[in-house]
Amino acid sequence: MSLTNAEEITGEIFIPSARAKRRLGTFFDEFSRGMNPFGLIPTFGVADANTPVAEIVRLFDKFNIVKVRGVYSAKESAELQRLCILASKLKPLDYLKIFKGEGRGFTGGSPVLNNKNFWPYAANKHVREIVQKILGKNATEFGSSVAAHYSARGIHRDYRQLCEKAGSAYHVSNPQKRIVRVLHYCASENMQGGMLGVIPFSHDERLFAEQSKRVGNKRPIEWFDTHRDELAKLRTTKDFSVVDEIDRHIVWVATDPGDVLITNSAMLHCGEHMMSPRYFFVSTYTDVNSETLPMAAAQVKSETAKEYHRHLLSLGFGGSKALLKEVEKK
Ligand SMILES: O=C(O)CCC(=O)C(=O)O
Ligand SMILES: [Fe+2]
């Protein structure tokens with residue numbers, strides 16, 4: 001059976017959730033939250049660290065999100081978690097305090113610019129081979145962050161100043177360029193890694209329209225971008241029907257410790273509900289051009305930051321050359 005029009009096959013599939021006030025197809029809310037039309041088709045790539053780079057890049061070109069399994073050993077993932085604990089000053093069980101409202105989760109920093117221990121993760125052999133093949137010779141890493149007991153729960157894009165800027169080569173209406181975000185969810189052995197939620201194909205409006213037609217989604221791309229505002233309203237309205245409607249379209253990509261997600265910053269995405277200890281490191285890659293050079297150069301101030309870019313350059317990130325030259329000019 002070809003999935004050219006899921007609506008024709010499944011009949012009335014868009015029944016909004018109103019938390020058990022009505023049936024959602026066969027089920028009430030106790031067993032369902034409605035149907036995810038994007039669950040009817042492949043929406044993300046899955047590969048192993050030893051999958052040929054060309055194949056991983058083919059998957060990335062197709063979906064703009066690929067899970068690469070086993071990039072690190074479980075031990076190396078635990079070590080990355082330890083670095084995130086040090087950077088955030090939040091231990092796993094500090095989650096309990098945060099849950100009770102006695103503290104806050106952490107997100108931020110530019111860990112690679114002040115701590116060399118993060119370099120083997122941002123410039124991991126598999127990661128750099130994949131990223132350099134996606135972005136070309138003039139790529140570099142230009143934005144890293146650590147998160148602890150934090151989740152970017154509302155659906156959003158990253159680097160909106162590029163992918164939502166009219167006239168930019170990164171604009172979602174007709175993207176010519178991409179910013180690659182690598183998510184390194186980390187944990188100790190035999191613990192869950194982390195999940196990223198995505199609205200598939202939303203990095204490119206034309207592709208989104210095409211794939212939406214295929215699965216019978218009639219919601220426009222802008223509607224998914226209202227998730228953050230709708231979440232903010234819940235506290236007073238206590239009416240989950242709109243949020244549930246958006247949530248049911250999210251595709252969840254789960255990782256084990258040692259897996260990484262290669263993603264496109266322009267794709268609408270979100271984190272899980274904050275329900276247990278959670279750590280990740282994220283590194284961001286672009287090709288260095290007139291749009292990205294000023295953004296990247298502004299961050300390179302310290303000697304460690306310059307050393308980082310000399311290190312990246314030695315590993316084939318050619319974009320660090322123009323970046324270092326720009327920084328020297330100042
Ligand atoms: O909380 C999450 O897992 C999502 C992270 C995210 O949005 C990001 O790092 O860009
Ligand atoms: Fe994000």
Side-chain angles (χ1 to χ4, degrees), residues 43-44 60 63-68 71 77 80-81 83-84 87-88 90 92 95 98-99 104-113 118 121-122 127 131 141-164 170 172 175 178-187 191-203 221 224-229 231-232 243 246-247 249-286 292 295 299:
T43 51
F44 61 92
F60 187 81
F63 299 113
N64 280 247
I65 170 163
V66 184
K67 167 163 59 178
V68 187
V71 163
S77 182
L80 180 57
Q81 187 200 43
L83 297 175
C84 293
S88 63
L90 291 172
Y95 166 72
I98 291 163
F99 185 77
R104 293 179 75 88
F106 175 90
T107 177
S110 290
V112 296
L113 300 185
F118 282 97
Y121 296 92
V127 170
V131 167
E141 196 284 321
F142 83 130
S144 70
S145 181
V146 157
H149 309 326
Y150 165 86
S151 178
R153 198 26 225 142
I155 294 175
H156 65 282
R157 296 188 166 98
D158 289 308
Y159 294 91
R160 292 170 68 186
Q161 65 271 48
L162 295 176
C163 59
E164 295 181 3
Y170 293 84
V172 290
R178 297 176 290 204
I179 289 178
V180 174
R181 297 265 286 173
V182 177
L183 282 144
H184 313 237
Y185 292 104
C186 49
M191 301 286 281
Q192 67 180 34
M195 289 202 286
L196 182 74
V198 297
I199 301 298
F201 308 111
S202 56
H203 60 283
I221 207 162
F224 295 93
D225 211 4
T226 65
H227 192 244
R228 298 185 303 289
D229 293 340
L231 287 177
V243 166
I246 299 177
D247 273 350
H249 294 81
I250 297 171
V251 168
W252 290 100
V253 187
T255 65
D256 290 322
D259 302 348
V260 300
L261 298 181
I262 317 278
T263 71
N264 179 336
S265 90
M267 186 176 291
L268 289 165
H269 65 278
C270 63
E272 306 158 82
H273 283 107
M274 245 334 295
M275 295 170 77
S276 51
R278 194 166 194 265
Y279 292 93
F280 61 89
F281 165 67
V282 54
S283 45
T284 311
Y285 307 81
T286 176
T292 56
M295 289 166 67
Q299 299 172 53

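Counting convention: from 1, in listed order, for ligands and their atoms alike.
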Which ligand 1 atoms, with their elements, are less than 4.0 angstrom from a heavy-atom of Ser151? 1 (O)
Would you compute the distance between atom CG of Leu183 and atom CG of Leu261 and round it to the nearest 0.5 angstrom? 6.0 Å
Short check: any N/O/S atom of Cys270 below 2.8 Å from the Fe ion (ligand 2)? no
Flag the pair Arg181 / Asp158 as yes when at least one side-chain heavy-atom distance between them is below 4.5 Å, and no otherwise. yes
NE2 (His269) to the Fe ion (ligand 2) to NE2 (His156) angle, given to the nearest 10 degrees: 90°
Mind listing the closest non-hydrogen atom pair of Thr263 and Phe60 along with its distance? C-CE1, 3.8 Å
Just jot down the ligand 1 atoms closer than 4.0 angstrom to any heavy atom of Ala152, in number order. 1 (O), 2 (C), 4 (C), 7 (O)
I need the atoms of ligand 1 closer than 4.0 Å to a non-hydrogen atom of Leu183, numbered in the order shown. 9 (O)
Here the atoms of ligand 1 under 4.0 Å from any heavy atom belonging to His269 are 6 (C), 7 (O), 8 (C), 10 (O)
Per-atom contacts, ligand 1 versus His156 - under 4.0 Å to a heavy atom: 7 (O)
Where does the angle between the aromatic ring planes of Phe280 and Tyr185 fall among parallel (under 30°), tilted (30 to 60°) and perpendicular (over 60°)? perpendicular
Is there a donor-acceptor contact under 3.5 Å from the side chain of Glu272 to the main chain of Leu196? no
Tell me whether Glu272 reaches ligand 1 (any heavy atom closer than 4.0 angstrom to a ligand atom). no
Phe281 and His184 aromatic ring geometry - parallel, tilted or perpendicular at 30°/60° bounds: tilted
Do Phe201 and Thr43 touch side chain to side chain, with heavy atoms closer than 4.5 Å? yes
Quick one, Asp256 with Lys67, criterion salt bridge (charged side-chain N to carboxylate O under 4.0 Å, His left out). Give me CA distance, side-chain angles, the key distance, then yes/no. CA-CA 10 Å; Asp256 290 322; Lys67 167 163 59 178; over 6 Å; no
Atom 3 (O) of ligand 1: which of Phe281, Phe280, Tyr185, Tyr159 has the nearest heavy atom? Tyr185
Heavy atoms only: give me the nearest Ile155-Asp225 pair and the separation to one decimal. O-OD1, 4.1 Å
Check: of Arg181, Arg278, Arg153, min heavy-atom distance to atom 9 (O) of ligand 1 comes from Arg181
For Asp158, the ligand 1 atoms with a heavy-atom partner under 4.0 Å come out as 8 (C), 10 (O)
Tell me whether Gly194 reaches ligand 1 (any heavy atom closer than 4.0 angstrom to a ligand atom). no
Closest to the Fe ion (ligand 2), which N/O/S atom of Asp158 is it? OD2
